[in-house]
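All remarks here apply to the structure that follows.
Here is how names work: the chains are called A, B, and so on, in the same order as the sequence lines, proteins then strands, and each is numbered from 1. Hydrogens, waters and symmetry mates play no part in the numbers below; they use all other heavy atoms, side chains included.
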2 protein chains.
Amino acid sequence: MAATIYDVAQLAGVVPSTVSRYLNGYGVRGKNRLKIEQAIETLGFKQNLIATGLKRSRLRSIGVLLPNYTIFFMTITAQLERILAQSNYSLLLGNFEDDLTLLQTKLDFVEEHFIDGLILFSSGVGTESAPRLQQYLQKKLPVVLVEQEIPGISTDAVIVDNAHASFRAVEKLIHENHTRIAIVNSPEHIYVFRERLRGYRHAMQTYNLPVDERWIVTGRFVDMGEYAQIQQLFDLPNPPTAIFATTYYATLGTVVAAHQQHLKIPEDISLIGFDHFDPIDALEPPLSLVLQPIEAIAQTAADLLLQRLDGNYANFPQTITLSTRMAMRESIRKL
Amino acid sequence: MAATIYDVAQLAGVVPSTVSRYLNGYGVRGKNRLKIEQAIETLGFKQNLIATGLKRSRLRSIGVLLPNYTIFFMTITAQLERILAQSNYSLLLGNFEDDLTLLQTKLDFVEEHFIDGLILFSSGVGTESAPRLQQYLQKKLPVVLVEQEIPGISTDAVIVDNAHASFRAVEKLIHENHTRIAIVNSPEHIYVFRERLRGYRHAMQTYNLPVDERWIVTGRFVDMGEYAQIQQLFDLPNPPTAIFATTYYATLGTVVAAHQQHLKIPEDISLIGFDHFDPIDALEPPLSLVLQPIEAIAQTAADLLLQRLDGNYANFPQTITLSTRMAMRESIRKL
DNA sequence: TTGTATGCGTTATCAT
DNA sequence: ATGATAACGCATACAA
């Protein structure tokens with residue numbers, strides 16, 4: 001049996017509530033404090049998470065809900081785990097498999113597990129989840145959104161300046177004298193991708209370049225079959241000379257599609273992609289990419305949540321927008 | 001405030017302990033049962049996880065400790081989450097970052113969180129962790145190992161027949177008339193890789209092919225710099241004509257290394273790799289691969305654990321060995 | 001500052 | 001089969 005505060009109290013010659021107060025940072029007379037500390041030491045006492053949880057209705061854990069366990073989200077999650085563990089929080093992970101119905105289930109699930117707060121990677125999450133999240137906020141359960149804000153729910157969010165990132169990526173292609181530029185994007189019902197498309201259009205417009213709507217390809221590109229859509233770009237009468245791929249998978253998919261058509265990057269087609277993970281390095285040539293600030297996303301989301309957990313609701317709700325950067329390598333050809 | 005069994009009891013006109021008994025599957029008179037069920041329904045009652053946890057000293061959760069959050073482990077974890085959620089278990093994930101000291105910390109951490117059982121992906125875990133795991137077992141906390149057994153600790157394990165998988169992969173190359181075959185492996189202090197190397201040697205020996213020790217390359221290949229080791233293979237006086245890469249990262253690394261030396265696969269060098277994840281499809285040509293039974297690993301580990309949680313200790317400890325299969329595509333040239 | 005008493009929601013023991 | 005009551009380990013309102 002593990003030691004309880006009763007054991008500690010007895011050994012220290014005080015009453016249990018004094019031990020409890022010591023543990024919770026209330027004033028305890030110096031002499032008693034020392035005795036308690038020593039008793040804790042010799043007994044190897046650890047506070048019982050469940051018992052405190054029963055009082056507080058919180059298990060000192062953070063729900064982290066992800067659309068999937070892909071490398072982008074898991075890399076951020078690994079950082080969150082490291083940061084939040086320092087404040088003694090555990091992570092209750094949930095994968096809603098890009099399924100908004102499953103998200104509702106998971107929202108119930110983590111709440112029933114008495115989390116202290118929630119970090120929701122809200123890609124693809126829309127107003128349908130707002131009422132449920134509103135319930136969280138009413139219960140003073142802090143919620144931090146990552147990736148996108150949700151209309152109708154006012155809480156903290158950490159997002160990336162997607163439109164601007166897109167603008168700059170496309171602009172880069174334009175500066176290399178490309179004028180027929182395609183975009184391989186993901187479904188626009190997801191805010192992030194709507195923004196990325198917006199940035200693309202904005203850049204084209206800024207430089208007075210017409211956009212052929214057939215240059216706008218949409219898909220998830222996690223299955224082989226979808227590459228066909230990308231390949232159709234190459235079959236156009238006057239095909240684009242450059243492609244902007246707005247996700248990691250779109251980037252990979254574009255490379256596959258080019259391979260299959262025996263097109264060389266960048267000789268036959270220029271490419272700027274999105275996100276860098278290890279496997280990208282196995283591609284030839286090294287790709288030019290838009291890079292999201294993964295560490296900063298994790299740190300910012302964690303800081304924001306910890307602040308709210310501390311009861312500090314200054315500037316609530318707060319949306320923090322982070323910037324991307326570009327890594328220029330060898331997949332863009334100057335025309 | 002959420003409803004408690006007191007509320008249910010009052011509404012149903014019975015005492016709380018009757019409700020408790022109903023919830024725990026003990027006999028309750030039909031009339032009362034109906035009233036209780038109705039009360040639960042109208043109140044939206046949910047059992048308080050913490051309160052039952054306080055009695056049981058278990059939070060109905062499974063600790064899942066991973067060496068890292070790479071795609072291989074996360075794909076399995078996603079399945080585990082799905083399977084174990086059906087039995088109402090939550091997952092307490094921990095990433096020990098390939099660090100055995102951090103593993104000790106995480107073992108403490110999950111135990112302090114009153115997990116019901118542990119699934120440990122034990123790649124690289126050795127006898128140093130055995131005493132700590134032994135404590136788990138003594139406390140009747142079931143532990144299922146995945147990937148490798150640990151000397152000195154007898155508990156259930158789910159492993160893959162690595163040596164045999166290697167043997168077959170190398171044999172495949174031999175059947176295509178390759179005789180100078182290199183292996184790009186990971187450190188041999190990890191059981192899995194020791195086994196894969198063993199299978200390689202066994203195959204070469206079986207077919208009376210000498211092994212040049214310079215053909216055995218070892219590394220993790222998660223950083224760019226390491227590819228140099230692989231490239232040295234190509235600079236040997238009489239270089240290998242085929243490479244067997246024993247991990248996902250070794251496979252990607254080998255492709256990068258070949259690219260950088262301007263060697264074509266399979267024209268200049270044949271390759272058989274390990275594990276399939278989406279990004280692999282972006283490589284040209286499609287690779288021949290050894291595939292691990294990811295779903296089966298998850299299902300088997302979950303089943304084993306659930307059985308032990310049920311108190312069924314038949315055939316304990318049990319090591320279940322699963323087989324790999326091969327996907328032959330276009331990265332091997334017949335000599 | 002410290003002690004006493006009570007409650008958090010549930011399960012288990014003992015009666016009935 | 002059901003009712004009453006104690007116990008799980010801790011936090012807190014109140015009194016001293």
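Within residues 3-18 of chain A, the residues approaching DNA chain D are A:Thr4, A:Ile5, A:Tyr6, A:Ser17, by heavy-atom distance under 4.0 Å. Residues of residues 39-55 of chain B that place a heavy atom closer than 4.0 Å to DNA chain D, in numerical order, are B:Leu54, B:Lys55. Listed in residue order, the members of residues 105-112 of chain A having a heavy atom less than 4.0 Å from DNA chain D come to none.
Checked against side chain to side chain donor-acceptor pair (under 3.5 Å), B:Glu81 has the following partners two or more places apart in sequence or in another chain: A:Tyr69, A:Lys106. In terms of the side chain to side chain donor-acceptor pair (under 3.5 Å) criterion, B:Tyr89 has no residue partners (sequence neighbours excluded). Looking at residues two or more places apart in sequence or on another chain, you find a side chain to side chain contact (heavy atoms under 4.5 Å, CB included) between A:Ala302 and A:Leu80, A:Ile83, A:Leu84.
As judged by a 4.0 angstrom heavy-atom cut-off over every strand, A:Arg56 is placed among residues touching the sugar-phosphate backbone only. Backbone-only engagement by B:Val28 is indicated by non-hydrogen atom pairs under 4.0 Å involving sugar-phosphate atoms exclusively.
In this structure a side-chain-to-backbone donor-acceptor pair under 3.5 Å is present from A:Thr155 to A:Val143. Without hydrogens or angle criteria, A:Asn48 side chain to A:Ala51 main chain gives a donor-acceptor distance under 3.5 Å. In this structure, B:Asp7 contributes its side chain and B:Thr4 its backbone to a donor-acceptor pair below 3.5 Å.
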Worksheet item: How far apart are the C-alpha atoms of A:Val160 and A:Val192, what are their side-chain angles, what is the distance that settles it, and do they pass the side-chain contact (heavy atoms from CB on, under 4.5 Å) test?
Response: CA-CA 9 Å; A:Val160 158; A:Val192 165; over 6 Å; no
Practice prompt. Show your reasoning for whether side-chain contact (heavy atoms from CB on, under 4.5 Å) applies to A:Leu309 and A:Leu306.
Written response: CA-CA 5 Å; A:Leu309 288 169; A:Leu306 288 171; 4.3 Å; yes
Worksheet item: side-chain contact (heavy atoms from CB on, under 4.5 Å) between B:Thr18 and B:Arg21: does it pass, once the steps are laid out?
Response: CA-CA 5 Å; B:Thr18 302; B:Arg21 280 188 283 258; 3.8 Å; yes
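Counting only residues at least two apart or on different chains, the salt bridge (Lys or Arg N to Asp or Glu O under 4.0 Å) pairs with a member in residues 42-65 of chain B are A:Glu112-B:Lys46. Within the structure, salt bridge (Lys or Arg N to Asp or Glu O under 4.0 Å) pairs that include any residue of residues 90-99 of chain B comprise A:Arg82-B:Glu97 (at least two apart or interchain). Note on residues 83-93 of chain A: no pairs pass salt bridge (Lys or Arg N to Asp or Glu O under 4.0 Å), not counting sequence neighbours.
We find the CD-CD1 distance between B:Gln148 and B:Ile190 to be 7.5 Å, quoted to the nearest 0.5 Å.
Two residues are said to be in side-chain contact when any heavy atoms from C-beta on lie closer than 4.5 Å; A:Phe96 and A:Val125 meet this criterion. You'll find the side chain of A:Ile76 stays beyond 4.5 Å of the side chain of A:Leu66, heavy atoms only. In this structure, B:Val64 and B:Phe73 have side chains that are not in contact, with every pair of non-hydrogen atoms separated by 4.5 Å or more.
Comparing the start and finish of the helix from C:dT1-D:dA16 to C:dT16-D:dA1, five pairs each, the helix axis swings through 40°, to the nearest 10 degrees.
Nearest heavy-atom pair across A:Lys140 and A:Tyr313 is O-OH, 4.4 Å.
With a heavy-atom cut-off of 4.0 Å to chain A, the contacted part of DNA chain C has its first and last nucleotide at C:dT1 to C:dG9. You can see that DNA chain D meets the heavy atoms of chain A within a 4.0 Å-exclusive cut from D:dG9 to D:dA13, reading 5' to 3'.
Both A:Arg21 and B:Arg29 lie near DNA chain D, and the one whose nearest nucleotide falls closer to the 5' end is B:Arg29.
Between B:Thr52 and B:Gln47, the side chains place no donor N or O within less than 3.5 Å of an acceptor N or O (distance only, hydrogens not considered).
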